Amino acid sequence: MSDPNPSITILGAGILGIAIAAELAEAGHAVSVFDRTGICEETSSGNAAALAFPDYLPLAHKGMLRQLPRWLRDPLGPLSIPPAYFLQLSPWLIRFVRAGHPRLFEAGVAAQAAMMRLAADEWAGLSERAGMAGMIRHDGSIDLYEGEREFQASLPGWMVREKAGVPFEHVTGARLAALQPGLSPRFTHGTFMPTWKTVSDPKEFGKALWTYAESKGARFARKTVTGIERSGEGAMLRFADGTTHHSARLVIAAGAWSHHWARLFGDRIPLETERGYNTTLPAGAWDLKRQLTFVGHGFVVTPLAHGIRIGGAVELGGLKRPPNYGRSKAMLRKAEQFLPGLKTEEGREWMGYRPSLPDSLPVIGRSSAPNIFYAFGHGHLGLTQAAATGRLMRELVSGEKPSLDLAPFSPKRF
């Protein structure tokens, strides 16, 4: 007779792993989490703090594909690929371009829309149960455009969102100025999304969620995993200190490193690494009312509890290249122009690894091996979709019917 609440190990203590741990611990499972650093210490600590529920469009949407040649000519622009990495990246890029095909695009939007609806509902419930609702800001966000031409180019994407039921408001003039005073006049148009949310600080948010998971019985150990192998019906983890750990179930939620572990179980998943950069300025650097996205420049500014974060852009450069902080400096210089009076002193630079799949959908599902599960590849949307992924993983592990059709997120879709 099988154990109704088997022991479960989660590899990765980023926001995805922590949300999964919280859901599974609530359901009565014995949960162990392992990570080489700590709770939300890596990519989950420095993201743009967005709960981007209206962000349905895959990266390979028509607007981005149209701008790719121009962006790639600028080594510090919104999208960069180091020349030495281009050949290695080319299979991923081919898949990425194919994901922009109308049939695949529409299917991807439908899957993402369903995931976002679940994410909004699940974060509302989980944040209340965990006592974290006060860490979520409900100020919305604004996409900003330089002139009529750039605004008009954005309209096909807004038509897709409108069809999916996303509320938004195109704004100019006094309305735009009321939503965010003090912008450079070069930004003549904006689109306000009232259901877009941010968190007060992503690292503190993740640690608060872990406190809740721990109160339900989840346990964490700082361990570097050096190997994973099948062990009976479960998995055996080997650590750098020579110890091992057996678990009846294993969830791989190791972000940009996850595909390396998936290969051990016969699954080759085309995960790539988007290296994201930002600079966090001290509180009082500028009177920022809500998150702003500078659409033509590929970065955002976000109000945090203790400052302002300026970051974004995409550098497809893998896991081994050293950081190029010229990218964060370039965004900071632009922000100084776009937000007149911005105080740029005493900023802290950061770089993190976003796990990205060519169709912009995560991998959520079972591996080719029994009792091994995957939850990774959320790209820019890990924080946004963490609670939904936790719910889905709880259902999978428990043998319940998933809240969503998981076919679009299957590890086998590639």
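Computed from heavy atoms alone, side chains included, the values below leave out hydrogens, waters and symmetry copies. The shown structure was predicted, so the numbers you read here are calculated from the model rather than taken from an experiment.
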Trainee: Can you sort out the partners of R309 under side-chain hydrogen bond (donor to acceptor under 3.5 Å, both in side chains), two or more places apart, ordered by chain and number?
Mentor: T280

Trainee: Do we get R95 above W92's six-membered ring, with its NZ or CZ under 6.0 Å from the centre and within 45° of the axis?
Mentor: no

Trainee: Any ring-ring contact (aromatic ring centres under 6.0 Å, His included) pairs touching residues 360-386, not counting sequence neighbours?
Mentor: Y374-F376

Trainee: Side chains of S403 and E395: any donor to acceptor distance under 3.5 Å?
Mentor: yes

Trainee: Compute whether any side-chain donor of one residue and acceptor of the other, for T191 and D143, lie under 3.5 angstrom apart.
Mentor: no

Trainee: With side chains defined as the heavy atoms from C-beta onward, is the minimum distance between L404 and I364 less than 4.5 Å?
Mentor: no

Trainee: Restricting to salt bridge (Lys or Arg N to Asp or Glu O under 4.0 Å), what partner residues turn up for R290, sequence neighbours left out?
Mentor: none

Trainee: Is there a donor-acceptor pair under 3.5 Å between the side chain of S410 and the backbone N or O of A407?
Mentor: no

Trainee: Just by modelled atom types, is the H189 backbone N or O under 3.5 Å from a matching donor or acceptor in the E150 side chain?
Mentor: no

Trainee: Name the atoms and distances for all side-chain donor-acceptor pairs under 3.5 Å in residues 103-122, with sequence neighbours left out.
Mentor:
{"from": "Q112", "atom 1": "OE1", "to": "Q385", "atom 2": "NE2", "distance (Å)": "2.8"}
{"from": "Q112", "atom 1": "NE2", "to": "S360", "atom 2": "O", "distance (Å)": "3.1"}
{"from": "E122", "atom 1": "OE2", "to": "R391", "atom 2": "NH1", "distance (Å)": "2.6"}

Trainee: Just how far is it from atom CD of E336 to atom CG of L332, taken to the nearest 0.5 Å?
Mentor: 6.5 Å

Trainee: Keeping S32 on the side-chain end and T9 on the backbone end, is there a donor-acceptor pair under 3.5 Å?
Mentor: no

Trainee: Looking only at heavy atoms, which two atoms of G38 and A13 are closest? And how far apart?
Mentor: O-CB, 3.6 Å

Trainee: Looking at A99 and P358, what are the two nearest heavy atoms and their distance?
Mentor: CB-O, 3.6 Å

Trainee: Between D35 and K223, does any NZ, NE, NH1 or NH2 come within less than 4.0 Å of an OD or OE carboxylate oxygen?
Mentor: no

Trainee: Taking everything shown except E346 itself, do over 12 heavy atoms lie less than 6.0 Å from its CD?
Mentor: no

Trainee: What pairs with R36 under salt bridge (Lys or Arg N to Asp or Glu O under 4.0 Å), at least two apart in sequence or on another chain?
Mentor: E42

Trainee: What heavy-atom pair brings I18 and G206 nearest, and what distance separates the two atoms?
Mentor: CG2-O, 3.9 Å

Trainee: Looking at K163, I'd like to know if its NZ atom is crowded, meaning that more than 12 non-hydrogen atoms belonging to other residues, nucleotides or ligands lie closer than 6.0 Å.
Mentor: no

Trainee: Just wondering, more than 12 heavy atoms not from R129 lying within 6.0 Å of its CZ?
Mentor: yes

Trainee: Please name all residues satisfying salt bridge (Lys or Arg N to Asp or Glu O under 4.0 Å) with E41, sequence neighbours left out, ordered by chain then number.
Mentor: K203, K207

Trainee: Say whether Y145 and Q152, considering side chains only, have a donor N or O and an acceptor N or O under 3.5 Å apart.
Mentor: no

Trainee: Do H260 and L319 have side-chain heavy atoms sitting under 4.5 Å apart?
Mentor: yes

Trainee: Parallel, tilted or perpendicular, judged at 30° and 60°: which one describes the rings of F220 and W210?
Mentor: perpendicular

Trainee: Once salt bridge (Lys or Arg N to Asp or Glu O under 4.0 Å) is applied, do any residues pair with R366, and if so which ones, sequence neighbours excluded?
Mentor: none

Trainee: Look at R98 together with D359 and state whether they make a salt bridge at an N to O cut-off of under 4.0 Å.
Mentor: no

Trainee: Before giving the answer on salt bridge (Lys or Arg N to Asp or Glu O under 4.0 Å), spell out for E229 and R238 the whole-Å C-alpha distance, their side-chain angles and the decisive distance to 0.1 Å.
Mentor: CA-CA 8 Å; E229 58 192 60; R238 298 189 180 277; 3.1 Å; yes

Trainee: What residues, two or more places apart in sequence or in another chain, satisfy side chain to side chain contact (heavy atoms under 4.5 Å, CB included) together with R219?
Mentor: E214

Trainee: Look at the side chain of S184 and the backbone N and O of R186, then say whether any donor-acceptor pair between them is shorter than 3.5 Å.
Mentor: yes

Trainee: Does a donor on one side chain and an acceptor on the other come within less than 3.5 Å for E315 and Y85?
Mentor: no

Trainee: For R275, does its backbone N or O pair with a side-chain atom of T273 as donor and acceptor, under 3.5 Å?
Mentor: no

Trainee: From L281 CG over to L342 CG, what is the distance, rounded to the nearest 0.5 angstrom?
Mentor: 5.5 Å

Trainee: In chain order, what residues pass the side chain to side chain contact (heavy atoms under 4.5 Å, CB included) check against P91, with sequence neighbours excluded?
Mentor: none

Trainee: Does M236 offer a backbone N or O that forms a donor-acceptor pair with the side chain of S231 under 3.5 Å?
Mentor: no

Trainee: Does D55 reach the main-chain N or O of L381 with its side chain, forming a donor-acceptor pair under 3.5 Å?
Mentor: no

Trainee: Hey, are the side chains of V199 and R137 touching, using non-hydrogen atoms and a 4.5 Å cut-off?
Mentor: no

Trainee: For the OG1 atom of T302 and the CG atom of N278, what is their distance to the nearest 0.5 Å?
Mentor: 9.0 Å

Trainee: Rounded to the nearest 0.5 Å, what separates atom CE in M132 from atom OG1 in T211?
Mentor: 9.0 Å

Trainee: Counting only N and O atoms by type, is there a donor-acceptor contact under 3.5 Å from the side chain of T384 to the main-chain atoms of A52?
Mentor: yes

Trainee: Would you please test F151 and H170 for ring-ring contact (aromatic ring centres under 6.0 Å, His included) and show each step?
Mentor: CA-CA 9 Å; F151 169 67; H170 296 312; 5.0 Å; yes

Trainee: Looking only at heavy atoms, which two atoms of M393 and A375 are closest? And how far apart?
Mentor: CE-CB, 3.7 Å

Trainee: Under 6.0 Å between ring centres, would you say that holds for F192 and F168?
Mentor: no

Trainee: Would you give the length of the straight line joining atom CD1 of I20 to atom CG of L16, rounded to the nearest 0.5 angstrom?
Mentor: 5.5 Å

Trainee: When you measure from the side chain of T244 to the backbone N and O of L237, does any donor-acceptor pair fall under 3.5 Å?
Mentor: no

Trainee: Parallel, tilted or perpendicular: which fits the ring planes of F239 and F34, with parallel below 30° and perpendicular above 60°?
Mentor: tilted

Trainee: Per the ring-ring contact (aromatic ring centres under 6.0 Å, His included) rule, what does the pair list look like for residues 116-139, sequence neighbours excluded?
Mentor: W123-F205

Trainee: Using only atom types and a distance under 3.5 Å, with no angle test, would you say the side chain of S200 pairs donor to acceptor with the backbone of A305?
Mentor: no

Trainee: Considering non-hydrogen atoms only, spot the tightest contact between C40 and S45 and give its length.
Mentor: O-CB, 3.2 Å

Trainee: Walk me through it: do K197 and D139 pass the test salt bridge (Lys or Arg N to Asp or Glu O under 4.0 Å)?
Mentor: CA-CA 6 Å; K197 299 175 175 58; D139 302 319; over 6 Å; no

Trainee: For a quick check under 3.5 Å, do H259 and E272 share a side-chain donor-acceptor pair by atom type?
Mentor: no

Trainee: Do E146 and H297 have a side chain donor and acceptor closer than 3.5 Å?
Mentor: yes

Trainee: Checking ring-ring contact (aromatic ring centres under 6.0 Å, His included) for the pair F299/Y277: CA distance, chi angles, key distance, verdict?
Mentor: CA-CA 10 Å; F299 73 93; Y277 294 83; over 10 Å; no

Trainee: Considering residues at least two apart in sequence or located in another chain, which fulfil the side chain to side chain contact (heavy atoms under 4.5 Å, CB included) criterion with S90?
Mentor: L87

Trainee: List for me each residue that meets side chain to side chain contact (heavy atoms under 4.5 Å, CB included) alongside K329, sequence neighbours excluded, and say none if there are none.
Mentor: Y325, R333, E349

Trainee: Between CZ of F409 and CG of L361, what distance do you get to the nearest 0.5 Å?
Mentor: 5.5 Å

